[in-house]
Amino acid sequence: MSLLLKAGMVLLHNERDEVVPTRADVLIEGNRITRIESCIKPTIDCQVIECSDKIVSPGFVDTHHHVWQSPFKGIFGDMALLPYLAITHASGLAFTDRDMFWANLSGNMEAIDAGTTTTLDHAHMNWSNTHSRAAIAGTISSGIRSIFAYTPVSRVLATRPEVQFASEALPEWVMETFEDLAASKALTDSQARVQLGFGWDFYFLPADVTKNVFAKARAAGAKLITSHFIRHVLDLDGESLVSKLHSADLLGSDMLLSHAGGATPEDVELLRKANCFISATPNTEEAMQVGPTVPFRQNLPGVNALCSLGVDCHSATSSSLVNEMRLVLQMARGRDSEQHIRAGVRPADVSRKAAEVFNMGTIQGARAMKMERDIGSIRVGKNADIVLFDALSPSMYCAAQQDPVLAIVLHSSIRDVDTVIVDRCIRKQHGKMLPVNVTEYEKTDFGEIGCRVGWAEVAQHVMELQKRFVDKMDEYNLSELESAIRKNWGLDG
């Protein structure tokens, strides 16, 4: 059955990435947009959504997200980086593979609820050869489009009587499991919504290990390789990760680096030449000292063209990518205002505009993930990943009619996200998440079990996970684990 979005205010990107709001109909056939015209007559079997009071927006593209962290909502919001790391390391002692199914399902449903249709999931919860498989099943079940970046992690074996890490950082099963997943038909089909990427933060290992891992990941077909890039936290030897990757001939267009705290103009130039993008996550970067967030930094010429946006930890902030747009925009305006005040200048206009950050969350996010051909804008031939905003809500009225992009960036909330369509499937409608089909993970390949679950059941499962963890927090010796991490990372100084 085809789907027709009727008479909406459609946000169309032109060839210069300018958003041109256009009153139009959008026809979806299969999973693709096939027509955008002023008036399309529906066929008998066409489902019609009346959009005359809606903004029809591209779905948002979140390029850095630890989706599994749903059980920690309400715990990380007032927490610094090192206590956060202690808890995430201890999680391997607490959560089973089945727990990761519910964690990823809920995290992705929460993202969809906020208008995100695509995520790059930096999945640093690979504590066994089944944890990632279960998380992938949760992701598939949610209906979101995702690159699941399978990530080797430091495994804690015990925290009492003393902290004990696994003696081998990269046991054989880690890459063997990745290669098994990479052979899965469910993840390699050209129409698959969820595809496999790779996450790597083990740059403390010998350089030849990293080269070998990258070669295996690329040979297996990883869609992207992602790493955390934070100079003042992770590059304490004085050489930036970007420089190391470039010198090793590993920096490529299939990489996406998150944060870029402390990046230099030289880093930006190397990234530009490699066509490698950055995911800025302003909420967590400013809160957890992994910034400063890089978009609009005057000391980093050309950085804006490389910037996409991510939520990072919905456990510590909202899952709304609009929230990230709004924060990074107003922070940039604030820095400009400080300079104007010092210079005694009274500018006639603001120097940063809402459309710039809207693009970072849509078309530039698609470019960062090398998916611009299929997502990131509303265009004939692209996948039907679309968000409908209520243009008449108490938040949006007048603003939506005057400037729809500005209305989304500066006025909207998750409440205003009326409908979310991913790959033509309606995942949220009339402001409510729809039930999802559960995907099996214990068999050789992924497939639907046949049962459906609604949001209330999903949330209940995750709240039970949270309670189980919180009830045992004292047993995990978190203060000693934090000290061990500080020592291992060379952060005692």
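Ring geometry, Phe178 versus Phe198: the interplanar angle exceeds 60°, so the pair is classed perpendicular (tilted spans 30 to 60°). Relative ring orientation between Trp127 and Phe95 is described as tilted, the plane-to-plane angle lying within the 30° to 60° band. Aromatic ring pairs are classed by plane angle as parallel below 30°, tilted from 30° to 60° and perpendicular above 60°; the pair His124 and His66 is parallel. The aromatic rings of Tyr441 and Phe101 lie parallel to each other, with less than 30° between the two planes, well short of the 60° mark.
Of all heavy-atom pairs between Thr159 and Leu93, the closest is CG2-CD1, 3.9 Å. A pairwise comparison of heavy atoms in Arg160 and Asp474 identifies NH2-O, 2.9 Å as the closest pair. Gly252 and Arg218 make their closest contact through N-NH2, 4.1 Å (heavy atoms, listed as atom of the first residue, atom of the second, distance). Here the closest non-hydrogen pair linking Asn126 and Trp173 is O-CH2, 3.6 Å. The two atoms that bring Leu478 and Ala90 nearest to each other are CD2-CB, 3.9 Å, heavy atoms only.
Between the side chain of Arg427 and the backbone N or O of Ile421 there is no donor-acceptor pair closer than 3.5 Å. In this structure a side-chain-to-backbone donor-acceptor pair under 3.5 Å is present from Ser70 to Gly107. Thr119 places no side-chain N or O within donor-acceptor distance of the main-chain N or O of Ser146, the cut-off being under 3.5 Å. A donor-acceptor contact shorter than 3.5 Å is absent between the side chain of Gln466 and the backbone of His461. Proximity of a side-chain donor or acceptor of Arg193 to a complementary backbone N or O of Gly143 within less than 3.5 Å is detected. In this structure a side-chain-to-backbone donor-acceptor pair under 3.5 Å is missing from Lys428 to Met109. For Glu324 (side chain) and Asn283 (main-chain N/O), a donor-acceptor pair under 3.5 Å exists by modelled atom type. Side chain of Asp385 to backbone of Pro58: no donor-acceptor contact under 3.5 angstrom is found. Judged by distance alone, with hydrogens and angles left aside, the side-chain atoms of Ser318 form a donor-acceptor pair with the main-chain N or O of Ser320 at under 3.5 Å. Put simply, the side chain of Glu285 gets close to the backbone of Thr281: a donor and an acceptor are under 3.5 Å apart.
Of the charged side-chain nitrogens involved, at least one lies within less than 4.0 Å of a carboxylate oxygen, so that Asp99 and Arg468 count as a salt-bridged pair. Between Lys467 and Glu464 there is no salt bridge, since no side-chain N of the basic residue sits under 4.0 Å from a carboxylate O of the acidic one. Using a 4.0 Å cut-off between charged nitrogen and carboxylate oxygen, Lys244 and Asp237 count as a salt-bridge pair. Using a 4.0 Å cut-off between a side-chain N of Lys or Arg and a carboxylate O of Asp or Glu, Asp180 and Arg133 do not qualify as a salt bridge.
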Walk me through it: do Thr116 and Ser319 pass the test side-chain contact (heavy atoms from CB on, under 4.5 Å)? CA-CA 8 Å; Thr116 293; Ser319 274; over 6 Å; no
Check the pair Thr284 / Asp312 against side chain to side chain donor-acceptor pair (under 3.5 Å), numbers first and verdict last. CA-CA 7 Å; Thr284 55; Asp312 194 6; 2.7 Å; yes
For a salt bridge (Lys or Arg N to Asp or Glu O under 4.0 Å) check, start with the C-alpha distance between Lys370 and Asp254, then their side-chain angles and the critical distance, and finish with the verdict. CA-CA 8 Å; Lys370 313 309 171 191; Asp254 64 344; over 6 Å; no
Given Asn383 and Asp423, is the side chain to side chain donor-acceptor pair (under 3.5 Å) satisfied, shown in steps? CA-CA 6 Å; Asn383 284 109; Asp423 214 31; 3.1 Å; yes
Worked check of ring-ring contact (aromatic ring centres under 6.0 Å, His included) between His65 and His122: CA-CA 6 Å; His65 198 149; His122 193 142; over 10 Å; no
Carefully, step by step, assess Ser240 and Asp235 under the rule side chain to side chain donor-acceptor pair (under 3.5 Å). CA-CA 6 Å; Ser240 80; Asp235 297 336; 5.2 Å; no
Take Lys432 and Asp113, measure what salt bridge (Lys or Arg N to Asp or Glu O under 4.0 Å) needs, and give me the verdict at the end. CA-CA 8 Å; Lys432 300 292 184 182; Asp113 185 50; over 6 Å; no
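For the atom pair CG of Asp374 and CE of Met369, the computed distance is 11.5 Å after rounding to the nearest 0.5 Å. Leu170 contributes atom CG, which lies 9.0 Å from atom OG1 of Thr210 (distance to the nearest 0.5 angstrom). Here the CD atom belonging to Glu442 is positioned 7.0 Å from the CG atom belonging to Asp97, to the nearest 0.5 angstrom. Annotation: the span from Lys185 atom NZ to Asp189 atom CG amounts to 5.0 Å, rounded to 0.5 Å. Expressed to the nearest 0.5 Å, how far OG1 of Thr188 lies from NZ of Lys223 amounts to 8.0 Å. With rounding to the nearest 0.5 Å, the separation of CD1 in Ile375 from CD1 in Ile363 is 8.5 Å.
In this structure, Asp62 and Leu309 have side chains that are not in contact, with every pair of non-hydrogen atoms separated by 4.5 Å or more. Put simply, the side chain of Val438 does not reach to within 4.5 Å of the side chain of Arg452, judged on heavy atoms. Side-chain contact between Ile112 and Phe60 is absent, with no heavy atoms from C-beta onward closer than 4.5 Å. Inter-residue side-chain proximity for Thr362 and Val61 is flagged as unmet; no heavy-atom pair is nearer than 4.5 Å. Taking the side chain as every heavy atom from C-beta outward, Phe389 and Asp418 never approach each other to under 4.5 Å. Between Ser243 and Glu266, the closest side-chain pair of non-hydrogen atoms is not below 4.5 Å.
Sorted by first and then second residue, the pairs that involve residues 235-291 and meet ring-ring contact (aromatic ring centres under 6.0 Å, His included), not counting sequence neighbours, are His64-His259, His228-His259.
In summary, the side chains of Tyr84 and Gln69 do present a donor paired with an acceptor at a separation below 3.5 Å, with no hydrogens or angles considered. Side-chain polar atoms of Thr419 and Gln429 form no donor-acceptor pair below 3.5 angstrom. A donor atom on one side chain and an acceptor atom on the other are not found under 3.5 Å apart for Ser279 and Ser258. Residues Glu29 and Ser2 have side chains that never bring a donor and an acceptor to within less than 3.5 angstrom of each other.
Taking the centre of each ring, Tyr476 and Phe469 come in below the 6.0 Å mark.
The ring pair (Phe, Tyr, Trp, His ring centres under 6.0 Å) test applied to Phe204 returns Phe202, not counting sequence neighbours.
Other residues, nucleotides and ligands contribute at most 12 non-hydrogen atoms within 6.0 Å of the CD atom of Gln289.
Partner of Phe148 under the side chain to side chain contact (heavy atoms under 4.5 Å, CB included) criterion, out of Asn104, Ile140, Leu187: Asn104 alone.
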